[in-house]
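I have placed the structure first, in the form of structure tokens, so that the comments after it can refer back to it.
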Amino acid sequence: MKPRTLAVCYNAAAAQSCGPQAPTGLQAAQESTHIYTKEEVSSHTSPETGIWVTLGSEVFDVTEFVDLHPGGPSKLMLAAGGPLEPFWALYAVHNQSHVRELLAQYKIGELNPEDKVAPTVETSDPYADDPVRHPALKVNSQRPFNAEPPPELLTENYITPNPIFFTRNHLPVPNLDPDTYRLHVVGAPGGQSLSLSLDDLHNFPRYEITVTLQCAGNRRSEMTQVKEVKGLEWRTGAISTARWAGARLCDVLAQAGHQLCETEAHVCFEGLDSDPTGTAYGASIPLARAMDPEAEVLLAYEMNGQPLPRDHGFPVRVVVPGVVGARHVKWLGRVSVQPEESYSHWQRRDYKGFSPSVDWDTVDFDSAPSIQELPVQSAITEPRDGETVESGEVTIKGYAWSGGGRAVIRVDVSLDGGLTWQVAKLDGEEQRPRKAWAWCLWQLKAPVPPGQKELNIVCKAVDDGYNVQPDTVAPIWNLRGVLSNAWHRVHVYVSP
Ligand SMILES: Nc1nc2c(c(=O)[nH]1)N[C@H]1C(S)=C(S)[C@@H](COP(=O)(O)O)O[C@H]1N2
Ligand SMILES: [Mo]
């Protein structure tokens, strides 16, 4: 397990609250307030000295929290010895009450009032250049931008219109010049490295496929209802479908001399979006998938007949059919073949599933494989939870999808919480065996049982491996709130 370093207190004031028993910051805060100078704070920047940060006038000892930081220790270390504000301006996900409550546990005192000079750090908004977004999107986080279409728009069209396609950004959107854009592909030993312009990519054979993208965090808000998780509160809309066009990754890799000889190898992708340390978004997929023409992995330059929108990776992104959204790296800058998975935080320290009993004190990220193919999923988009429906007949709509190219073969719908079931009608493109990359939309028109005042509508899908969704969320709860695919339930009233 990760070592948990204790703060070493050499400061006289701190020593009172930080004895050999190493009490928590909470205990410290309950005692009389300690006053620290800015210089004292700025000398606490390592596990040896203790790691201190400030927020407003408050001082926190976060030494023990650094390894638990969901964004990775290195991100928090950027703020060591100084104010959190400039970093929270970049990662606005912090501006939530539960984050402040968490931080409060580590409070050790207050800043010397004379030191509370106006922050000298320039906090110019790194997101100022982000694109303008569609007002219909339900925004989960503005900086970085994360948003989903409302359910009733989500299943209005089989192909999701670009402006309302869900957006999952970890960082500011880079503004790339298509004329100078180059994709670097590291060559195989004996092969050649490539530096491909957009025109070069267009000169590879063009492939066009319909692919559904789903974020691992889709429906996380339902997990949160069981127990708190760390992550954005996605409802049912962190999923969308587009027609993607581009060059096949296998063709580009072949040109760089790669072959499928090292079967355990991985193809690592790096985005051109990066954080203040220069760390780019990254992820990887197995080389075996990348080199398999049947897996149809694309370097996409078109989305629904348009150049990729900026939010979705302009000018080039990876599309990995049947695989979790996190591997579809946007603003693609570099492709390389490595003996191991990407060392990216998002490959190794996120997007993994754990047992419901694993918490942030016991989690060992190395013990679980990274999520690649996703499990079978479905959700109801109409009616909405809490809505009142007409008596007589009710129309229920939703989507269903499974990872790995597994086709959805059936969607069961219940009006009575799962006691009795009816089979929904499936719509959408034909599901190719082993290449069912896109979702089904489904519909059921059912009579409302006479006298019924409320309905507990439930849906569940079955894929062609006869995989089914679990009936409840609690047994699949995990600390990151990923892979939330229990039966979807909405409760509605029937108008008298
Ligand atoms: N470069 C880069 N690629 C990225 C991301 C990112 O933040 N940066 N987010 C990933 C995640 S977690 C998801 S779910 C998908 C979302 O793609 P979309 O925004 O086009 O829907 O992009 C993936 N690719
Ligand atoms: Mo994601």
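One-based numbering, in listed order, for ligands and for the atoms of each.
With a heavy-atom cut-off of 4.0 Å, Gln214 does not touch ligand 1 at all. Residue contacts with ligand 1 for His170 involve both N, CA, C or O and side-chain atoms from C-beta outward (heavy atoms, distance under 4.0 Å).
Residue His328 has at least one heavy-atom neighbour below 4.0 Å for each of these atoms of ligand 1: 22 (O), 23 (C), 24 (N). Close approach of ligand 1 to Cys215 (heavy-atom distance below 4.0 Å) involves ligand atoms 14 (S). Ligand-side atoms of ligand 1 in range of His312: 18 (P), 19 (O), 20 (O), 21 (O), range being under 4.0 angstrom from any heavy atom. Counting the atoms of ligand 1 from 1 in the order shown, those under 4.0 Å from a heavy atom of Asn169 are 7 (O). For ligand 1, the atoms lying closer than 4.0 Å to a non-hydrogen atom of Leu213 are 17 (O). Set against the non-hydrogen atoms of Val329, the atoms of ligand 1 under 4.0 Å away are 1 (N), 3 (N), 24 (N). In summary, the atoms of ligand 1 found under 4.0 Å from a heavy atom of Phe165, numbered by their order in the structure, are 21 (O). If you number the atoms of ligand 1 from 1 as listed, the ones under 4.0 Å from a heavy atom of Asp273 come out as 1 (N), 2 (C), 6 (C), 7 (O), 8 (N).
Relative ring orientation between His69 and His94 is described as parallel, the plane-to-plane angle staying below 30° on a 0-90° scale split at 30° and 60°.
Cation-pi geometry between Arg348 and Tyr343 is met: under 6.0 angstrom from the ring centre, within 45 degrees of the axis.
Nearest-heavy-atom check against atom 21 (O) of ligand 1 across Trp234, Phe166, Tyr281 picks out Phe166. Distances from atom 12 (S) of ligand 1 to the heavy atoms of Trp346, Trp331, Tyr351 put Tyr351 nearest.
Remark: Lys435 NZ is packed, more than 12 non-hydrogen atoms of other residues, nucleotides or ligands lying under 6.0 Å away. Within 6.0 Å of the CD atom in Glu208, the count of heavy atoms belonging to other residues, nucleotides or ligands exceeds 12. Within 6.0 Å of atom CZ in Arg206, more than 12 heavy atoms from other residues, nucleotides or ligands are found, so the atom counts as buried in its surroundings.
Scored by the ring pair (Phe, Tyr, Trp, His ring centres under 6.0 Å) test, His184 finds no partners at all (sequence neighbours excluded). Taking His266 as the reference, nothing meets the ring pair (Phe, Tyr, Trp, His ring centres under 6.0 Å) condition, with sequence neighbours excluded.
For atom 23 (C) of ligand 1, the nearest non-hydrogen atom of the protein is Gly325 O, 3.3 Å. Looking only at protein heavy atoms, the nearest one to atom 19 (O) of ligand 1 is Lys330 NZ, 2.5 Å. Protein heavy atom nearest atom 11 (C) of ligand 1, with residue, atom name and distance: Ala326 CA, 3.7 Å.
The shortest separation from a heavy atom of Leu171 to ligand 1 is not under 4.0 Å, leaving the residue out of contact. The shortest separation from a heavy atom of Arg317 to ligand 1 is under 4.0 Å, placing the residue in contact.
Side-chain rings of Tyr207 and Trp437 stay apart, their centers remaining 6.0 Å or farther from each other.
Under the 3.5 Å distance criterion, the side-chain polar atoms of Trp439 are left unmatched by any main-chain donor or acceptor of Ala400.
Between Arg410 and Asp464 no salt bridge is recorded (no basic side-chain N to carboxylate O distance below 4.0 Å).
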